[in-house]
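Whatever order the structure lists them in is the order used to number ligands and atoms, beginning at 1.
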Amino acid sequence: MPEPGELTLEPARRGKPPRHLADLDVDGRRKAVAELGEKPFRADQLSRHYFTRYVRDPHEMTDLPAAVRESLAGSLLPTLVTPVRHVETDNGTTRKTLWRLYDGALVESVLMRYEGTRPRVTLCVSSQAGCGMNCPFCATGQQGLTRNMSAAEIVEQVVAAERMLDDGEVPGGPGRVSNVVFMGMGEPLANYRPVVEAVRRLTEAAPSGMGISRRGVTVSTVGLAPAIDKLAAADLGVTLALSLHAPDDELRDELVPVNTRWKVDEALDAARRYFDSTGRRVSIEYALIRDINDQAWRADRLGRMLDARGRGWVHVNPIPLNPTPGSKWTASRPEVEAEFVSTLQARGIPVTVRDTRGSDIDGACGQLATVTD
Ligand code: SAH
């Protein structure tokens, strides 16, 4: 376990998961297939099976000659995530899965299906096993960083969710993953390249990738300012969420230890630049912690800081604190939460309080921790 405030930007363990086609772009896959002695176009066939039909069994790849199926699937489609267990709530429409990776590392993802006027399926994915950011109110942060995940390990969580939907394991009939949020375990921007590759696989059309709408993808970060600028330049069209949790450096140094490297102003400036170059409205995440960061004066200060950077570029997503083991903190009182929200709204800032879906199965924000008791 890390000491309070201790940051881990580089993992001690270097993962080298088996090679998978989702780690490679279209050209890389064609090359890999040619090296295996097959025609390069087989790479596209294989890709369609994986990214659009989520095929597991090579026998189903009937457009590939039988002998070729086994060898190509064997070398380019290894199984990278194996379910250890599923835990469900909301009549099965919220489903947390614990996955074992090739080296025994454990991660979790959470599927949330919403009905009603805006039906959607959101998958919350992990980008690292554990996390090195050490935010004291987050269960994953208390676990420390085990290792970075590969692009394919990230994508496999989404493909596995599509299979669950296809197999009727989630009530509500046939469906597809419409939203992917990098809000599971890990700090996505501390594992930059694989995360960007994974986003490409998720959002590019077949045979390159799965064809999920870019607008449906959100990358959430503690505020690694240089990496936010890099992400903007990568032009992926995804939404950025910034985990702020305090408008003042004094408190944020404690709640989000990476603030000792990139201060509130630097994180907010980077977020604003992200909006400027992508046109995507940024989301500010703010876990409301009773008597710690939930005072009206902090809401007002946050409002002023956002306003000072312009209008229409940002909205605030307060998250009632979800309980985590051993934490001394709890969620804000309802009337305090309401005042926090109205203080921001009075400044014309759009606010949406995040629901606490999955908190009863330790599947909500900040509750993912891979204890296998
Ligand atoms: N490392 C990234 C991705 C994690 S996203 C990030 O921090 O943005 C998960 C979101 O849930 C983050 O905004 C995180 O700060 C927040 N969170 C963590 N622990 C929480 C808790 N106990 N209750 C509510 N939100 C929490």
Side-chain angles (χ1 to χ4, degrees), residues 7-9 11 96 107-110 112 122-145 148-149 154 157 179-192 195 198-199 217-225 227-228 231 238-246 251-252 254-259 261-262 267 270-271 274 282-290 292-294 315-332 337 340 352-369:
L7 292 169
T8 315
L9 289 162
K96 178 173 83 163
V107 300
E108 290 183 313
S109 59
V110 185
M112 288 159 281
T122 299
L123 188 74
C124 179
V125 296
S126 294
S127 57
Q128 298 181 310
C131 186
M133 296 299 110
N134 203 6
C135 302
F137 55 90
C138 176
T140 313
Q142 301 319 294
Q143 213 182 278
L145 177 62
N148 283 327
M149 293 174 73
I154 296 168
Q157 296 169 73
N179 299 73
V180 177
V181 297
F182 285 77
M183 297 186 184
M185 304 176 81
E187 166 50 41
L189 296 188
N191 183 22
Y192 183 82
V195 164
V199 170
V217 177
T218 300
V219 173
S220 178
T221 178
V222 289
L224 310 180
I228 293 175
L231 190 71
V238 299
T239 299
L240 179 78
L242 170 64
S243 296
L244 197 70
H245 308 312
L251 179 56
R252 195 169 189 263
E254 187 191 343
L255 295 181
V256 185
V258 84
N259 197 66
R261 299 262 183 117
W262 293 284
Y274 189 87
V282 173
S283 212
I284 302 290
E285 295 162 290
Y286 199 108
L288 284 171
I289 313 176
R290 185 180 294 187
I292 301 290
N293 66 350
D294 60 358
H315 77 283
V316 177
N317 222 198
I319 316 171
L321 188 81
N322 293 303
T324 57
S327 169
K328 49 187 189 288
W329 290 320
T330 184
S332 303
E337 176 185 308
F340 194 92
T352 330
V353 176
R354 188 176 293 175
D355 66 15
T356 52
R357 259 236 205 184
S359 59
D360 48 344
I361 55 167
D362 286 344
C365 303
Q367 293 185 311
L368 303 186

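- The nearest protein atom to atom 19 (N) of ligand 1, hydrogens excluded, is given as G366 CA, 3.0 Å; this is a heavy-atom distance.
- Of the listed residues (A139, S126, C138, S243), the one carrying the non-hydrogen atom nearest atom 8 (O) of ligand 1 is S243.
- Shown in contact with T324 at under 4.0 Å from a heavy atom are these atoms of ligand 1, numbered in order with element: 22 (N).
- Ranking protein heavy atoms by distance to atom 10 (C) of ligand 1, first place goes to E285 OE2, 3.8 Å.
- In this structure, atom 17 (N) of ligand 1 lies nearest to the protein heavy atom F137 CE1, 3.8 Å.
- Side chain of S327 to main chain of W329: a donor-acceptor pair is present (N/O by atom type, distance under 3.5 Å, no hydrogens or angles).
- The aromatic rings of Y286 and F340 sit tilted relative to each other, their planes meeting at an angle between 30° and 60°.
- Formation of a donor-acceptor pair under 3.5 Å by the Q142 side chain with backbone atoms of A139 is not found in this model.
- T140 places a side-chain N or O within donor-acceptor distance of the main-chain N or O of L368, the cut-off being under 3.5 Å.
- Within the structure, ligand 1 lacks G141 among the residues with a heavy atom less than 4.0 angstrom away.
- Which parts of ligand 1 touch I319 is read off a 4.0 Å heavy-atom cut-off, strictly below it: atoms 24 (C), 25 (N).
- When hydrogens are left out, the protein atom nearest atom 9 (C) of ligand 1 is M183 O, 3.7 Å; that is the closest non-hydrogen contact.
- Between the side chains of E337 and S332, no donor-acceptor pair is found at a separation under 3.5 Å.
- Applying the 4.0 Å criterion to heavy atoms of T221 picks out, from ligand 1, the atoms 6 (C), 8 (O).
- For the ligand labelled ligand 1, residue G186 lies inside the 4.0 Å heavy-atom shell.
- The closest approach between a heavy atom of H245 and any atom of ligand 1 is below 4.0 Å.
- Protein heavy atom closest to atom 4 (C) of ligand 1, with residue, atom name and distance, is G184 O, 3.8 Å.
- Among protein heavy atoms, the minimum distance from atom 23 (N) of ligand 1 is reached at N322 N, 2.8 Å.
- V125 has its side chain within reach of V180: a pair of non-hydrogen atoms, C-beta onward, lies under 4.5 Å apart.
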Sequence neighbours excluded and cut-off under 3.5 Å, please list the side-chain donor-acceptor pairs for residues 183-191, or say none.
from, atom 1, to, atom 2, distance (Å)
E187, OE1, V222, N, 2.9
E187, OE2, L189, N, 3.1
E187, OE2, T221, OG1, 2.7
N191, ND2, S127, O, 2.9
N191, ND2, M149, O, 2.9

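- A 4.5 Å side-chain heavy-atom check between P318 and R354 finds every atom pair outside the cut-off.
- A donor-acceptor pair is defined here as one N or O able to donate and one able to accept, closer than 3.5 Å; such a pair exists between the side chain of Q367 and the backbone of P323.
- For atom 26 (C) of ligand 1, the closest heavy atom belonging to the protein is C365 O, 3.6 Å.
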